[in-house]
S.K.: 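After the structure tokens below, expect a handful of questions from me.
Values in this document were obtained by computation on a predicted structure and should not be read as measured data. In what follows, residues are counted from 1 in the order of the sequence shown.
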Amino acid sequence: MAVRFDKNTKTFTLHTKKSTYQMKTDDQGVLLHTYFGSPTDESDLSYLIVPEDHGFCAQPAGNGGNRTYSLDYYPQEYPVHGTGDFRVTALKAGIEGQVPALDLRYQSHQIREGKYTLAGLPAFFAREDDRAETLEIILKDVYQEIYVRLLYGVLEEKNIITRAAVIENREERPLEIKRVMSMALDFMGGQKDLISFGGKHAGERQFERRALGSGITEIASMRGTSSHQQNPFVILCDRDTTEEHGGCWGVSFLYSGSFRIQAEVDQFEDVRVVCGIHDEEFSWILPGGGEFVVPEVALSYTDDGFSDLTMGLQRAMHKNLIRSPWKDRERPVLVNNWEATYFDFSGSKLLEIAEKGAKIDLDMLVLDDGWFGKREDDNSGLGDWFVNEEKLGCTLKELVDQINELGLQFGIWIEPEMVSEDSELYRTHPDWALVIPGRDPVRGRNQLVLDLSRREVVEFMKRSIDRLLTSANIAYVKWDMNRSVDNVFSSANPQLSQGAVRHRYVLGLYEVMEHVVTTYPELLLEGCSGGGGRYDAGMLYYVPQIWCSDNTDAIERLRIHYGTSFGYPMSTVSAHVSVCPNHQNGRVTPFKTRGICAMQGAFGYELDLGKLTDQEMEEAREQTKLYHQHGQLFQQGDYYRLTSPMENREFTAWSYVMPDGSKASLSVVYTDVHANPRPLRVKWKGLQRDGIYELEGREYTGAALMQGGMVLPKPRCNYDSCMFVIEKKK
Ligand code: GLA
């Protein structure tokens, strides 16, 4: 049993393979949080809470006489606004027009087999071979018929505990929810570091570690997407935790809109972390009898450092979150025409690229932006999802058939959430755009955002995508989203707050994506938001891969891939070889290095194959062969970060290892060169200790390669690279 309830102590203890999580209903009925960390037994750990009469710490209702009890410092499971707790809380709500105050007390609970699901929202799921349990705890406000159902999903072997909640208003009057977080996590005793993954467009998910000091540290997005600038995944860890050792907690929010993660170190140096929908512009009117489903957050803890934590998360996401059958299939090696042609292409140009692709055994051609409506640049056409036959010189079906005849599959780019003012769609339905009446709209990439809180817009999107996908043999779709969302106003629902429209937008998006993945289960769907602007666990419920960054420079990608690997499986990273000088930063790197770097993910090319030299074409053919040869290893293997590009100036190394240690690869990109260099060494990981592996014609034991390591070849130039693949011989 992963979930145990002790009726004497009133404790709920949740066990996973590597962690224990505990809550307790105290004699006031308040649900306290007593523990989350290394596996322990079911002892009631509430003795760690020290009752004290601390100045300026108020008492909650019904407890006036006992000045040593205050929710201002007691660790709680779902702290709410209005109980004298002045730290960041999980819920701020009240009957519309009244002071928002709640006081939640335990009412009942239920333990069930299997993992709960959430209607209309992404969630981890249990597979048949998983031991999974759900704990539901119902809390009720002391004064009103307001209920909170806390949901816990325990995937014991996967070392995952998920949390979600449902807010229920059984009053007649509407409840105004001003803030609703998916979780609060209280740690008794502070001294924690926070690792987050901030960045920018073309520079996403840069690893950053900081010591938490007193006050609130915040990682958030208000952009309507999870964003390039911050990511809804963080790690909390002890001060001395490393890749191999130490306690660390992963928090991954399954939501693709605005989010807020706050870590507060309070007056007694305890730490509280909350994570949920960003509340700054959020407000939700919950009518009498209504329910609000709070998105899921996934938690994981290990004693064994970041490598163990993130590998566990990656495996769990692969098995229990990503649904696409493509997660277990070798991905097609593709050529995408974006950096090859941008908007300047014709059907014959695409066929020319496809012919070249066929010569080097590529699997697919992807037609990027510019094939529809009137779209010669990025100022017009979005919303008009009709093929520009004049530009292609034929119908889409004719083009796709010709590409298929060359032996290549066909993929296509769409950006269905957007509308250009210069488009038929906007001229017909100007009110479908999210703009504030009477004000010049805030534009991003000169485009507006469609109002996905409206039913007719959601249906229009489904129809447009259906029409496209049934018009030709389309095997892959790259789903883009190219601006942040601001000044949100829905002309169909003028009474709705910005925040309500923003959340309904995300629900509408998920509804359309659900339609696409269920109607076209074989379709390979790639997520994208100007690269990795919406790289979150929520998206991975719908797509098995995401265009990781618009930055295709192999060297900058080292840091982007490094950061991404902490929160997400590397099989979800889409990465392509592009030309040099690189279009984003002008850097020149060897063709080989661009290939090795892009093989960290779903691999392909983003260049005009017609402009490659014969030697480059030959190298591309070899890379494609290599990727196919080891595709299973790159997609199913465990990913090890061997060095950090944030710390090691000279080289970055990573490796993939089959979970049974039977086969492994190790890749190195040199990022600095020296005259008279010192020897560079690196240690393999994840091999079988007494396995015998052949490396460069010599035999080594796994133990030697892991403990002693290997000597790297000397780089011949800056940004040189190398890659080794070894198999266990005995
Ligand atoms: C975004 C994507 C690019 C490309 C362009 C097309 O920036 O990230 O890969 O598809 O849009 O406009």
S.K.: Taking S300 for its side chain and G250 for its backbone only, find out whether a donor-acceptor pair lies under 3.5 Å.
M.R.: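 The answer is no, because no donor-acceptor pair under 3.5 Å joins these two groups.
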
S.K.: Closest approach of L118 and A164, non-hydrogen atoms and distance?
M.R.: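 Taking L118 first and A164 second, the nearest heavy atoms are CD1-CB, 3.8 Å.
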
S.K.: Side chains of R205 and T564: any donor to acceptor distance under 3.5 Å?
M.R.: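 Yes, R205 and T564 have a side-chain donor paired with an acceptor closer than 3.5 Å.
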
S.K.: Check whether the side chains of Y116 and E296 place a donor and an acceptor atom closer than 3.5 Å, and report yes or no.
M.R.: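 A pair is found: one side chain offers a donor N or O, the other an acceptor, under 3.5 Å apart.
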
S.K.: Assess whether a salt bridge exists between R112 and E136, defined as any Lys/Arg side-chain N lying under 4.0 Å from an Asp/Glu carboxylate O.
M.R.: yes

S.K.: Test D193 against R210 for salt bridge (Lys or Arg N to Asp or Glu O under 4.0 Å), laying out the working first.
M.R.: CA-CA 5 Å; D193 283 2; R210 81 205 82 183; over 6 Å; no

S.K.: So, are K158 and D130 salt-bridged, with charged N and O less than 4.0 Å apart?
M.R.: yes

S.K.: Under a plain distance cut-off of 3.5 Å, with no hydrogens placed, do T225 and S227 share a side-chain donor-acceptor pair?
M.R.: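 Not at all, the side chains of S227 and T225 share no donor-acceptor pair under 3.5 Å.
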
S.K.: Where the side chain of D26 meets the backbone of V30, is there a donor-acceptor pair that is under 3.5 Å apart?
M.R.: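 Looks like yes, one N/O pair under 3.5 Å.
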
S.K.: Quick one: does T241's side chain have a donor or acceptor within less than 3.5 Å of a partner on G247's backbone?
M.R.: yes

S.K.: Can any side-chain N or O of R502 pair as donor or acceptor with the backbone N or O of V485 at less than 3.5 Å?
M.R.: yes

S.K.: Counting N and O atoms only, with roles assigned by atom type, does the side chain of Y301 sit under 3.5 Å from a partner on the main chain of I160, one being a donor and the other an acceptor?
M.R.: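 It does not hold such a pair.
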
S.K.: Shortest non-hydrogen contact from P569 to H318?
M.R.: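 Taking every non-hydrogen atom into account, CG-N, 4.3 Å.
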
S.K.: Surrounding CZ of R323 (heavy atoms of other residues, nucleotides or ligands, distance under 6.0 Å), is the total greater than 12?
M.R.: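 Yes.
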
S.K.: Does the ring centre of H228 sit less than 6.0 Å away from the ring centre of Y535?
M.R.: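 No, ring centres 6.0 Å or more apart.
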
S.K.: Assess, by modelled atom type and distance only, whether the side chains of T89 and H81 contain a donor and an acceptor separated by less than 3.5 Å.
M.R.: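 Side chains of T89 and H81: no pair found under 3.5 Å.
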
S.K.: Can you check whether F233 and F197 have ring centres sitting under 6.0 Å from each other?
M.R.: yes

S.K.: Is the ring centre of H109 less than 6.0 Å from the ring centre of Y152?
M.R.: no

S.K.: Tell me whether Y78 contacts the main-chain N or O of M181 through its side chain, where contact means a donor paired with an acceptor under 3.5 Å.
M.R.: yes

S.K.: For F292 versus L286, what's the shortest heavy-atom pair and its separation?
M.R.: N-CD1, 3.8 Å

S.K.: More than 12 heavy atoms of other residues, nucleotides or ligands under 6.0 Å from CD of Q262: is that the case?
M.R.: yes

S.K.: Regarding R504 and the six-membered ring of W284, is the cationic atom NZ or CZ under 6.0 Å from the ring centre and inside 45° of its axis?
M.R.: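 Judged by the rule, R504 and W284 form a cation-pi pair.
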
S.K.: Could you tell me if R223 and Q229 have a donor-acceptor pair between their side chains, going purely by distance under 3.5 Å?
M.R.: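 Yes, side-chain donor-acceptor contact under 3.5 Å.
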
S.K.: Between Y510 and S256, is a side chain to side chain donor-acceptor pair (under 3.5 Å) present by the stated rule, with each step listed?
M.R.: CA-CA 9 Å; Y510 287 154; S256 308; 2.7 Å; yes

S.K.: Taking side chain as C-beta onward, heavy atoms only, is M311 less than 4.5 Å from Y639?
M.R.: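 Result no, sub-4.5 Å side-chain heavy-atom pair not found.
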
S.K.: Examine F268 together with H54 and report whether their ring centres are nearer than 6.0 Å.
M.R.: yes

S.K.: So, taking the atom named OH in Y147 and the one named CG in L139, what distance separates them when rounded to the nearest 0.5 Å?
M.R.: 11.5 Å

S.K.: Evaluate R149 against E168 for salt bridge (Lys or Arg N to Asp or Glu O under 4.0 Å), listing each step before the verdict.
M.R.: CA-CA 8 Å; R149 295 192 338 244; E168 266 184 59; 2.6 Å; yes

S.K.: Could you walk me through whether K92 and D279 satisfy the salt bridge (Lys or Arg N to Asp or Glu O under 4.0 Å) test, starting with their C-alpha distance in whole Å, then the side-chain angles of each, then the deciding distance to 0.1 Å, before giving a yes or no?
M.R.: CA-CA 10 Å; K92 183 174 181 183; D279 54 309; over 6 Å; no

S.K.: Is it true that the side chains of N66 and T68 contain a donor and an acceptor less than 3.5 Å apart?
M.R.: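 Side chains of N66 and T68: pair found under 3.5 Å.
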
S.K.: Please report the shortest heavy-atom distance between Y562 and F566, naming the atom on each side.
M.R.: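 Scanning both residues completely, I find the closest heavy atoms to be O-CD1, 3.2 Å.
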
S.K.: Should R315 and D638 be marked as a salt bridge (Lys or Arg N to Asp or Glu O under 4.0 Å) after you check the CA-CA gap, both sets of side-chain angles, and the distance that decides it?
M.R.: CA-CA 8 Å; R315 284 180 183 161; D638 289 328; 2.4 Å; yes

S.K.: Are any side-chain N or O atoms of W249 and backbone N or O atoms of F36, one a donor and one an acceptor, separated by less than 3.5 Å?
M.R.: yes

S.K.: Between E171 and E145, is there a donor-acceptor pair closer than 3.5 Å when you use the side chain of the first and the backbone of the second?
M.R.: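 Yes, because the side chain of E171 sits within donor-acceptor range (under 3.5 Å) of the backbone of E145.
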
S.K.: For M539, does its backbone N or O pair with a side-chain atom of D536 as donor and acceptor, under 3.5 Å?
M.R.: yes

S.K.: Given D451 and S453, is the side chain to side chain donor-acceptor pair (under 3.5 Å) satisfied, shown in steps?
M.R.: CA-CA 5 Å; D451 181 358; S453 74; 2.5 Å; yes

S.K.: Fit a plane to each ring of H503 and F282, take the angle between them on a 0 to 90° scale, and name the class: parallel (under 30°), tilted (30 to 60°) or perpendicular (over 60°).
M.R.: perpendicular

S.K.: Quick one: does R260's side chain have a donor or acceptor within less than 3.5 Å of a partner on A220's backbone?
M.R.: no

S.K.: Between D85 and Q76, is there a side-chain donor-acceptor contact under 3.5 Å, judged purely by atom types and distance?
M.R.: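 Yes, because at least one side-chain N or O of Q76 sits under 3.5 Å from a partner of the opposite role on D85.
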
S.K.: Using the rule side-chain contact (heavy atoms from CB on, under 4.5 Å), only one of L313, T310, D308 pairs with T302; which is it?
M.R.: D308

S.K.: Is the CD atom of E172 crowded by more than 12 outside heavy atoms at less than 6.0 Å?
M.R.: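 No, not enclosed.
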
S.K.: Looking only at heavy atoms, which two atoms of V294 and S182 are closest? And how far apart?
M.R.: CG1-OG, 3.4 Å

S.K.: When you compare the side chains of R534 and S529, does any donor N or O come within less than 3.5 Å of an acceptor on the partner?
M.R.: no

S.K.: Any non-hydrogen side-chain atom of P75 less than 4.5 Å from a side-chain atom of D270?
M.R.: no

S.K.: Using the rule given for side chain to side chain donor-acceptor pair (under 3.5 Å), can you reason through D41 versus S43, listing the C-alpha separation, both sets of side-chain angles and the distance that settles it, and then say yes or no?
M.R.: CA-CA 6 Å; D41 58 20; S43 306; 2.7 Å; yes

S.K.: Consider side-chain hydrogen bond (donor to acceptor under 3.5 Å, both in side chains). Of K24, R4, Q22, which one does T13 pass it with?
M.R.: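 The option that passes is Q22.
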
S.K.: So which atom in Q498 and which in E281 form the shortest heavy-atom distance, rounded to 0.1 Å?
M.R.: NE2-OE2, 3.4 Å

S.K.: Side chains of L254 and P295: closer than 4.5 Å at any heavy-atom pair?
M.R.: no

S.K.: I'd like to know if R163 pairs up with E77 as an ion pair, taking the criterion as any Lys NZ or Arg NE/NH1/NH2 lying under 4.0 Å from an Asp or Glu carboxylate oxygen.
M.R.: yes

S.K.: Is the shortest distance from a Lys or Arg side-chain nitrogen in D103 or R105 to a carboxylate oxygen in the other one below 4.0 Å?
M.R.: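 Salt bridge flag = yes for R105 with D103.
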
S.K.: Does either side chain, that of S565 or that of R641, offer a donor lying less than 3.5 Å from an acceptor on the other one?
M.R.: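 Distance-only check passes for S565 and R641.
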
S.K.: Salt bridge check: are D303 and K18 linked by an N-O gap of less than 4.0 Å?
M.R.: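 Result for this pair is no, no salt bridge flagged.
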
S.K.: Taking atom types as modelled, find out whether D53 and Y69 have a side-chain donor-acceptor pair closer than 3.5 angstrom.
M.R.: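 Looking only at side-chain atoms, Y69 and D53 do not form any donor-acceptor pair under 3.5 Å.
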
S.K.: So, R131 and E113, do they make that salt bridge, N to O below 4.0 Å?
M.R.: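 No, this pair does not count.
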
